[in-house]
Amino acid sequence: MTPSNQERVWQVIHSIPSGKVCTYGHVALMAGLPRQARAVGKYLSQLPNDSKIPWHRVINAQGKLSFPVDSSRYDKQRAILQEEGIFFTNNKIKLSLYLWLGE
DNA sequence: CATTTGACTTGTG
DNA sequence: CCACAAGCCAAAT
């Protein structure tokens with residue numbers, strides 16, 4: 001059974017080390033799906049709440065979370081990331097410090 | 001099969 | 001730095 005794109009994306013996300021983050025575009029690229037950043041987002045949007053996938057390590061290319069700052073989802077993702085040692089500055093993450101581009 | 005949608009990205013002002 | 005537009009492309013409707 002050939003892995004679906006969704007499975008490839010999930011595998012890539014699983015490989016992101018704690019304390020690091022990756023953008024949608026890079027996740028897509030590493031999953032062998034260039035220019036499919038939006039598809040990655042769509043897959044994540046379909047994740048069940050009890051999923052074990054570290055979806056919180058995927059952020060957008062602006063170094064920000066893809067949720068409105070006042071949403072509960074935003075707060076949750078940010079809390080987890082901070083637990084993993086990621087430092088926020090004005091609702092933004094410094095990609096130069098935390099971006100993971102593979103091993 | 002045509003159209004809409006979306007947890008995106010990049011460029012422009 | 002913020003806002004908006006255009007580009008992009010798979011999945012859903």
Side-chain angles (χ1 to χ4, degrees):
Chain A
M1 149 102 190
T2 169
S4 67
N5 293 343
Q6 190 180 46
E7 290 173 310
R8 297 188 198 190
V9 168
W10 285 345
Q11 184 178 343
V12 169
I13 294 177
H14 271 306
S15 72
I16 303 175
S18 176
K20 288 286 181 180
V21 298
C22 196
T23 69
Y24 292 90
H26 278 116
V27 168
L29 201 58
M30 290 191 284
L33 308 168
R35 280 184 270 300
Q36 289 189 48
R38 308 178 71 152
V40 172
K42 179 164 289 195
Y43 297 146
L44 294 191
S45 74
Q46 296 164 0
L47 286 179
N49 293 314
D50 53 6
S51 173
K52 297 161 186 56
I53 293 180
W55 57 271
H56 52 268
R57 297 184 188 146
V58 185
I59 66 177
N60 67 31
Q62 315 302 309
K64 302 198 268 189
L65 310 189
S66 302
F67 297 116
V69 179
D70 49 14
S71 70
S72 63
R73 273 178 160 170
Y74 180 94
D75 290 335
K76 184 150 190 180
Q77 181 171 13
R78 185 172 119 174
I80 300 173
L81 289 173
Q82 287 181 143
E83 279 299 311
E84 298 187 345
I86 291 176
F87 204 57
F88 276 69
T89 304
N90 239 359
N91 297 325
K92 272 178 292 179
I93 288 177
K94 205 169 199 174
L95 290 181
S96 58
L97 293 180
Y98 305 115
L99 185 59
W100 182 75
L101 300 172
E103 15 206 329

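Labels below follow one simple rule: chain letters A, B, ... track the order of the sequence lines, proteins then strands, and each chain is numbered from 1.
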Check your understanding: Of all residues at least two apart in sequence or in a different chain, which pass the side-chain hydrogen bond (donor to acceptor under 3.5 Å, both in side chains) check with A:E84?
Key -> A:H56, A:R57
Rounded to the nearest 0.5 Å, what separates atom [atom1] in [X] from atom [atom2] in [Y]?
X      : Y     : atom1 : atom2 : answer
A:L101 : A:L29 : CG    : CG    : 9.5 Å
A:Y24  : A:L44 : OH    : CG    : 6.0 Å
A:I59  : A:H26 : CD1   : NE2   : 11.5 Å

Exercise for review: Among A:L65, A:V21, A:I16, find the one that has a side-chain contact (heavy atoms from CB on, under 4.5 Å) with A:V58.
Suggested key: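 So, applying the side-chain contact (heavy atoms from CB on, under 4.5 Å) to A:V58 and each of A:L65, A:V21, A:I16, only A:I16 qualifies.
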Review point. Tell me, which of residues 85-103 of chain A have any heavy atom that sits under 4.0 Å from an atom in DNA chain B?
Key: none
Review point. Of A:K64 and A:Q36, whose closest DNA chain C nucleotide lies nearer the 5' terminus?
Key: A:K64
Exercise for review: Would you indicate, yes or no, if C:dC9 has its OP1 or OP2 atom less than 4.0 angstrom from a side-chain nitrogen or oxygen of A:R35?
Suggested key: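 Yes, because at least one side-chain N or O of A:R35 sits under 4.0 Å from OP1 or OP2 of C:dC9.
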Study note, to complete from the structure: Each nucleotide of nucleotides 7-13 of chain B classed B (base within 4.0 Å of a protein heavy atom), S (only sugar-phosphate) or -, in 5' to 3' order, makes BBSB---
All pairs passing side chain to side chain donor-acceptor pair (under 3.5 Å) where [range] contributes a residue, at least two apart:
range                     : result
residues 33-48 of chain A : none
residues 89-98 of chain A : A:Y74-A:N91, A:R78-A:N91
residues 9-21 of chain A  : none

